[in-house]
Amino acid sequence: MQATSQVIHGLSSRAVYRSRKQYGPNTLPSDGRSELFSTVKEVATEPMFLLLLVACTLYFVLGQLEEAITLIVALVLVAGISVYQSVRSNQALGALHKLTQPQAQVHRNGKLTLLPTEEIVVGDAVLVAEGQQLPADGQLNVTSDFAVDEATLTGESVAVAKVVGEPVYAGTSVVAGSAWFTVTAVGQQTELGQIGHRIGEIHDEKTPLQRQISQFIWWMAWIGAGEFILVWAVNYSHSGNWMTALLFALTLAMSILPEEIPVAFSSFMALGAARLSQLGVLTKQPQTVESLGSATVICTDKTGTITQDGMVVRYVYDAMQGQLCSVADPLAATPAGHMSDSALHVLAYARWASETAPFDPMEKAIVAACQALPLSLADTHPLIHEYPLAGTPPMMTHARQSPDGELLVAGKGAVEHIVAVCHPEAAVSDQIRLITSQLSAKGLRVLGVAAASHAGPDFPAEQDDFNWSLLGLIALENPPKPNAKAVIGAFTEAGIKVKLITGDFPETAQAIARQVGLPGADTFVTGQQLMGMNDSTLQYYATTQSIFARMFPEAKLRVVNALKLAGEVVAMTGDGVNDGPALKAAHIGVAMGKRGTEVARQAASLVLVNDDLTSMIDAIAQGRRIYQNLKKAVAYIVSIHIPIILTVAVPLLANWSFANLFTPVHVIFLELVMGPTCSIAFENEPAEGGQMQQPPRPLTATFLGGRELIRSLLQGLGITGAVLGMYYVSMQEGQSIEVVRTLVFATLVCSNILLALVNRSFTSSVFSTLPTPNRLLWLLLSLTLGLLLTTLFFAPVQQLFGFAPLPASSLGWCALSALIGVGWIELYKLVR
């Protein structure tokens, strides 16, 4: 360790202002375009917008100014809705970005302050510790066993030890110790910025659902292109006017294009992520929301996740006397139990082998036990040399100097490691293992404690090279959280398998597993056993076992990969630097917000703000609700597009007398109605009952599978039958084209309203879902009905749409036709 009495001097507010003005903020430059500009540009290049623009131009060329002006208004409305949806999503994501933004400890105005990393400036004094990522380039001022992983810059995976005066670089990770450094470069001036990397940039890969949606859109685009050419050719052969034929072909193209689907997807994901943040679950990528509902396995650690954060020393085993001594709870009012001098000696050495100002819960418990007893060690035994936690299983060593100048070497760690380096007699070794097994069976965490004599001043390269003597054991209690049993039960009920993956002893893991009701607690596999297995054997044990003990990073990663190869959708919780690979490899990496290191949070896709696994239940429920509602929205979009397409195409191809009933004005009205309904109303739909009692959906399941697609097609064809039936009957009765258009349009809009209501559930009757609250749905459907009545009864709009006045009885027939065309699905639900 490098000790120093140097005083850290941070910047004042005025110096921060000057530095930021001179060197800029700690951010990488954007392309200079505003978010609003990017959104507007994206909207202006959407196919529907371009089709409307072409149709508007044609109307101007044809001299039909009313229709042209109407389409201009429609253009503004379409763009406005799209921009609103995009801005709404971006605001939600912006809020999430602020919540997940890394922070750093900076010394300013005479005190230590926690700031977002983007606020760091050149000259700042920054404190970093194990598990954090360096926020800027700098020069080290004070170090304590400081080592950095510089793989981001160099590609070398071996950690690099750093001393005072050496440089450190933004984007690298602290793997050991702590340090103060002075910032020398920020933003683009950092080493990482200069070689073009983007710190914190998330590379969004398309999820299976996104790929399915893209594929579906392409299919519809190709169908639309073929229909467009066909309708243009047929119209041109009938009329000989290529421009009019083009206008009607554009009408069909607009009716085919399902541009609501990607809008609905992005809205559902972004707003779903915002909803999850209110539940204490931060999502770094909105697409993660989609995967939550399909999680089939949750790999969870024990300490701080299943068990409580704090620990207490319960027993000390004195190997010299062969005596097991109980230690009273330091927070309780009861006095400490009797402990022999040699037992106190074991506890003292455990304290010396711990950090002077510990962060680890076990070491905090050891300090608390010492403070409750007549032991005061921290100030009188300064740390001279340190060996960080190392080995498999791990051990750590501290060399301290007593007041009389004697050098005390204390080690603590996994019992197997301590026994291995101490080489006790066989009888002592067997007794240690027996006591360890008995204590672990009670759910206690057991550590071995050892001492060594050393003359100094030089120290061996490895801690194992000391001449160790076994002192004994300490046993710490880490009881389950009060809600742990209910959480495990909820996961099991939802069809999600829980794997307990811990570095603790098998007996300890089994004891905790039994207390929380984890299925399969009678058997276990250790990390060493896993590493010796071939891939097929590993896959078998990974899928059939529930408890994985004495695990280390490589073993955790192998388990996650084996589960993925077995077809499982894996969620993995973790909080340490060593959990990073497994968190990154899992489909859903889950980091702890309080205990989690920065490396863990960077590797994970979700962060549990309160370190409470109950939030994962809420997140999975939300994920299932979002996916369920997205399927409803997509089914609605497919079903309502079919009658629009066929109402345009069938009369033309069948050579009906009124072939071209609809114009772009009518189609855009329907688009304006459908867009908010699918992306706003359905997103707000509450979850259906029993969704957390259903097994998770397979990751390969399509958003519109065979049965769902057939159902949507049949719904669309049912509405088509009602609309075309009204079309044909009124035409045969000799009604004028204006009357026929009005009847057909009214039937189609009424069908749209009814379709939204019946699609709220594909299992429950519409009468049972009507009382289910969804104010946005009712608001949008009321608005749709109001707009329909405006087109029917407000003369200027009626004239613009080419409608004719209708008696109430005729509108009643429209409503009845729509009810028949849509309502048959209720019989299907009843039969199911």
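It should be emphasised that the depicted structure is a prediction, and the values quoted were computed from it without experimental measurement.
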Q.
Please evaluate residues I626 and R275 with respect to the criterion side chain to side chain contact (heavy atoms under 4.5 Å, CB included), reporting the C-alpha separation (whole Å), side-chain torsions for both, the decisive distance (0.1 Å), and the verdict.
A. CA-CA 10 Å; I626 289 165; R275 288 178 188 272; 5.7 Å; no
Q. P696 versus V569: any side-chain heavy-atom pair under 4.5 Å?
A. no
So, does [X] use its side chain to make a donor-acceptor pair with the main chain of [Y] at under 3.5 Å?
| X | Y | result |
| --- | --- | --- |
| T526 | A549 | no |
| T543 | Y540 | yes |
| R314 | L476 | no |

What's the spacing between [X] [atom1] and [Y] [atom2] if we round to 0.5 Å?
| X | Y | atom1 | atom2 | result |
| --- | --- | --- | --- | --- |
| L439 | L324 | CG | CG | 5.5 Å |
| M692 | I617 | CE | CD1 | 6.5 Å |
| L444 | I474 | CG | CD1 | 11.5 Å |
| L471 | I418 | CG | CD1 | 9.0 Å |
| L613 | L608 | CG | CG | 7.0 Å |
| Q510 | L518 | CD | CG | 10.5 Å |

Q: Could you give me the CA-CA distance, side-chain angles and deciding distance for S429 and R433, then say whether side chain to side chain donor-acceptor pair (under 3.5 Å) is met?
A: CA-CA 6 Å; S429 179; R433 291 190 179 93; 2.4 Å; yes
Q) Going by distance alone, is a donor N or O of one side chain under 3.5 Å from an acceptor N or O of the other, for D464 and H417? A) yes
Q: Report yes or no: do N483 and T614 form a side-chain donor-acceptor pair below 3.5 Å?
A: yes
Q.
Assess the residue pair W352 and H398 against the criterion (side chain to side chain contact (heavy atoms under 4.5 Å, CB included)); give the C-alpha distance rounded to whole Å, side-chain angles, the decisive distance to 0.1 Å, and a yes or no.
A. CA-CA 7 Å; W352 288 328; H398 284 171; 5.8 Å; no
Quick check: closest heavy atoms across [X] and [Y], and the distance to 0.1 Å?
| X | Y | answer |
| --- | --- | --- |
| K481 | D612 | NZ-CA, 4.4 Å |
| A350 | I366 | C-CG2, 4.0 Å |
| A295 | I588 | CB-CD1, 4.1 Å |
| V327 | A369 | CG1-CB, 4.4 Å |
| L563 | C299 | CD1-SG, 3.7 Å |
| A452 | W468 | CB-CE3, 3.7 Å |

**Q.** salt_bridge(R550, E416) N-O dist < 4.0 Å
**A.** yes
**Q.** salt_bridge(K497, E568) N-O dist < 4.0 Å
**A.**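 Answer for the salt bridge query: yes.
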(Q) Does Q545 form a side chain to side chain donor-acceptor pair (under 3.5 Å) with T523? I'd like the steps, not just the answer. (A) CA-CA 7 Å; Q545 295 294 315; T523 58; 2.8 Å; yes
Q.
Assess the residue pair M396 and E363 against the criterion (side chain to side chain contact (heavy atoms under 4.5 Å, CB included)); give the C-alpha distance rounded to whole Å, side-chain angles, the decisive distance to 0.1 Å, and a yes or no.
A. CA-CA 12 Å; M396 67 184 296; E363 294 189 341; 3.4 Å; yes
**Q.** Where at least one partner belongs to residues 526-546, residue pairs that pass salt bridge (Lys or Arg N to Asp or Glu O under 4.0 Å), sequence neighbours excluded
**A.** D535-R558
Q: Any salt bridge (Lys or Arg N to Asp or Glu O under 4.0 Å) involving residues 521-531? Give me the pairs, sequence neighbours left out, ordered by first then second residue.
A: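 For residues 521-531, and leaving out neighbouring residues, the salt bridge (Lys or Arg N to Asp or Glu O under 4.0 Å) pairs sorted by first residue read R514-D522.
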(Q) Working note: F524 + Y541, criterion ring-ring contact (aromatic ring centres under 6.0 Å, His included); need CA distance, chi angles, decisive distance, verdict. (A) CA-CA 9 Å; F524 63 87; Y541 279 98; over 10 Å; no
Within a reach of under 6.0 Å around [atom1] of [X], are more than 12 heavy atoms found that belong to other residues, nucleotides or ligands?
| X | atom1 | result |
| --- | --- | --- |
| N467 | CG | no |
| K564 | NZ | yes |
| M533 | CE | yes |
| E425 | CD | no |

**Q.** Stepwise side chain to side chain donor-acceptor pair (under 3.5 Å) test for T537 and N534
**A.** CA-CA 5 Å; T537 305; N534 59 38; 2.7 Å; yes
Q) Going through the distances and angles, do R625 and Q622 end up as a side chain to side chain donor-acceptor pair (under 3.5 Å)? A) CA-CA 5 Å; R625 182 194 71 84; Q622 281 293 318; 3.3 Å; yes
Q: May I have the step-by-step check of side chain to side chain contact (heavy atoms under 4.5 Å, CB included) for Y317 and V346, ending in yes or no?
A: CA-CA 8 Å; Y317 177 71; V346 176; over 6 Å; no
Q. Step by step, would you call E355 with K364 a salt bridge (Lys or Arg N to Asp or Glu O under 4.0 Å)?
A. CA-CA 9 Å; E355 297 292 343; K364 285 183 176 181; over 6 Å; no
